[in-house]
Amino acid sequence: MTIAYLPGPSDDVPPYEPWAGESEVLAEAASAGRRAAAWIRSLPGPPAPGPVGAWLTGELSGAVETAMGSLDPAACDRMVEGRIIDGTGGVDAGTMGILAAVPCVLSEVDWLAPDQHIRILAVASVVTGTVRLLADDPSTAITRDVARMCAILDHAARPDGPGGAAAPGR
């Protein structure tokens, strides 16, 4: 979190008012998050049960679903009592930490195909990016960016097999 002290009162900040279409955009984001989480859960498990497979289908899929379902434009960057506060976009630090761990964990997910690795990275990146876009500029995020990010998320989390990605090991 970045905190910078700036002169001036915080009373000049108007109360949050939803943008036109906000509820529909956020509902679609939550739906895209559920679809992406379901895709992660559908991935083949490891040859022998272990913590990484459980993390992938449990914590990671849960973080994707939680983040996309928790988006909140009111939790944007703001000034409070002369300090700039980084917004969270409505997503807690623990959830963001799970998403940030994806690049470090993927080397241990050696039973999945490289295409699936790339798509898992894309899912984590898109979800993280959506949260930051919303926190940084909720107006643009709601009116343009979130819908685009949901389309990218749906593409990354498309079903494996015919018409989708290569089967594991190819």
Side-chain angles (χ1 to χ4, degrees), residues 1-2 24-73 75-77 86-170:
M1 175 181 288
T2 303
E24 293 85 2
V25 168
L26 296 177
E28 175 54 28
S31 182
R34 286 189 298 275
R35 289 188 298 271
W39 172 73
I40 292 170
R41 288 183 197 108
S42 76
L43 291 170
V52 175
W55 179 87
L56 186 70
T57 59
E59 289 184 56
L60 179 59
S61 63
V64 167
E65 191 167 357
T66 297
M68 294 301 284
S70 301
L71 295 175
D72 182 2
C76 62
D77 296 347
D86 279 342
T88 64
V91 181
D92 66 271
T95 300
M96 294 300 286
I98 292 168
L99 294 167
V102 169
C104 302
V105 174
L106 274 184
S107 65
E108 298 180 42
V109 186
D110 57 1
W111 65 89
L112 294 179
D115 179 73
Q116 292 165 323
H117 284 162
I118 294 297
R119 290 168 54 204
I120 291 168
L121 278 170
V123 165
S125 179
V126 167
V127 172
T128 303
T130 302
V131 172
R132 283 309 323 151
L133 285 168
L134 193 68
D136 292 345
D137 185 2
S139 174
T140 303
I142 291 297
T143 58
R144 183 191 71 199
D145 298 338
V146 173
R148 176 98 175 139
M149 297 299 268
C150 288
I152 296 167
L153 185 60
D154 280 339
H155 183 75
R158 67 195 179 279
D160 289 334
R170 292 190 183 177

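It should be emphasised that the depicted structure is a prediction, and the values quoted were computed from it without experimental measurement.
Rounding to the nearest 0.5 Å gives a distance of 7.0 Å between CD1 of Ile120 and CD of Gln116. Between Leu112 atom CG and Leu106 atom CG the span is 8.0 Å, to the nearest 0.5 Å.
The minimum heavy-atom distance linking Ala67 with Val91 is given by the pair O-CG2, 3.5 Å. In terms of heavy-atom proximity, Gly90 sits nearest to Asp72 at CA-CB, 3.8 Å.
The side-chain contact (heavy atoms from CB on, under 4.5 Å) check on Thr140 picks up Asp137, Arg144, Asp145, with sequence neighbours excluded. Annotation: side-chain contact (heavy atoms from CB on, under 4.5 Å) contacts of Ala27 (sequence neighbours excluded): none. Residues meeting the side-chain contact (heavy atoms from CB on, under 4.5 Å) test with Asp77, sequence neighbours left out: Asp86, Arg132, Ala135, Asp136. Under the side-chain hydrogen bond (donor to acceptor under 3.5 Å, both in side chains) criterion, Thr128 pairs with no residue, sequence neighbours left out. In this structure, the side-chain contact (heavy atoms from CB on, under 4.5 Å) partners of Ala29, at least two apart in sequence or on a different chain, are Met68, Leu71, Val146, Cys150.
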Working for side-chain contact (heavy atoms from CB on, under 4.5 Å), residues Trp111 and Val52 = CA-CA 11 Å; Trp111 65 89; Val52 175; 4.0 Å; yes
Check step by step if side-chain contact (heavy atoms from CB on, under 4.5 Å) holds for Val127 and Leu153.
-> CA-CA 8 Å; Val127 172; Leu153 185 60; 4.1 Å; yes
Before giving the answer on side-chain contact (heavy atoms from CB on, under 4.5 Å), spell out for Leu60 and Leu99 the whole-Å C-alpha distance, their side-chain angles and the decisive distance to 0.1 Å.
-> CA-CA 7 Å; Leu60 179 59; Leu99 294 167; 4.1 Å; yes
Steps toward side-chain contact (heavy atoms from CB on, under 4.5 Å) verdict (Leu134, Ile142) = CA-CA 7 Å; Leu134 193 68; Ile142 291 297; 3.9 Å; yes
Pairs of donor and acceptor atoms involving the side chains of residues 33-47, under 3.5 Å and at least two apart or interchain, shall be tabulated with distances.
{"residue": "Arg35", "atom": "NE", "partner": "Asp154", "partner atom": "OD1", "Å": "3.0"}
{"residue": "Arg35", "atom": "NH1", "partner": "Ser31", "partner atom": "OG", "Å": "2.6"}
{"residue": "Arg35", "atom": "NH2", "partner": "Glu28", "partner atom": "OE2", "Å": "2.8"}
{"residue": "Arg35", "atom": "NH2", "partner": "Asp154", "partner atom": "OD1", "Å": "3.1"}
{"residue": "Arg35", "atom": "NH2", "partner": "Asp154", "partner atom": "OD2", "Å": "2.8"}
{"residue": "Trp39", "atom": "NE1", "partner": "Arg158", "partner atom": "O", "Å": "3.3"}
{"residue": "Arg41", "atom": "NE", "partner": "Ser61", "partner atom": "OG", "Å": "3.3"}
{"residue": "Arg41", "atom": "NH2", "partner": "Glu65", "partner atom": "OE1", "Å": "2.8"}
{"residue": "Ser42", "atom": "OG", "partner": "Trp39", "partner atom": "O", "Å": "2.7"}

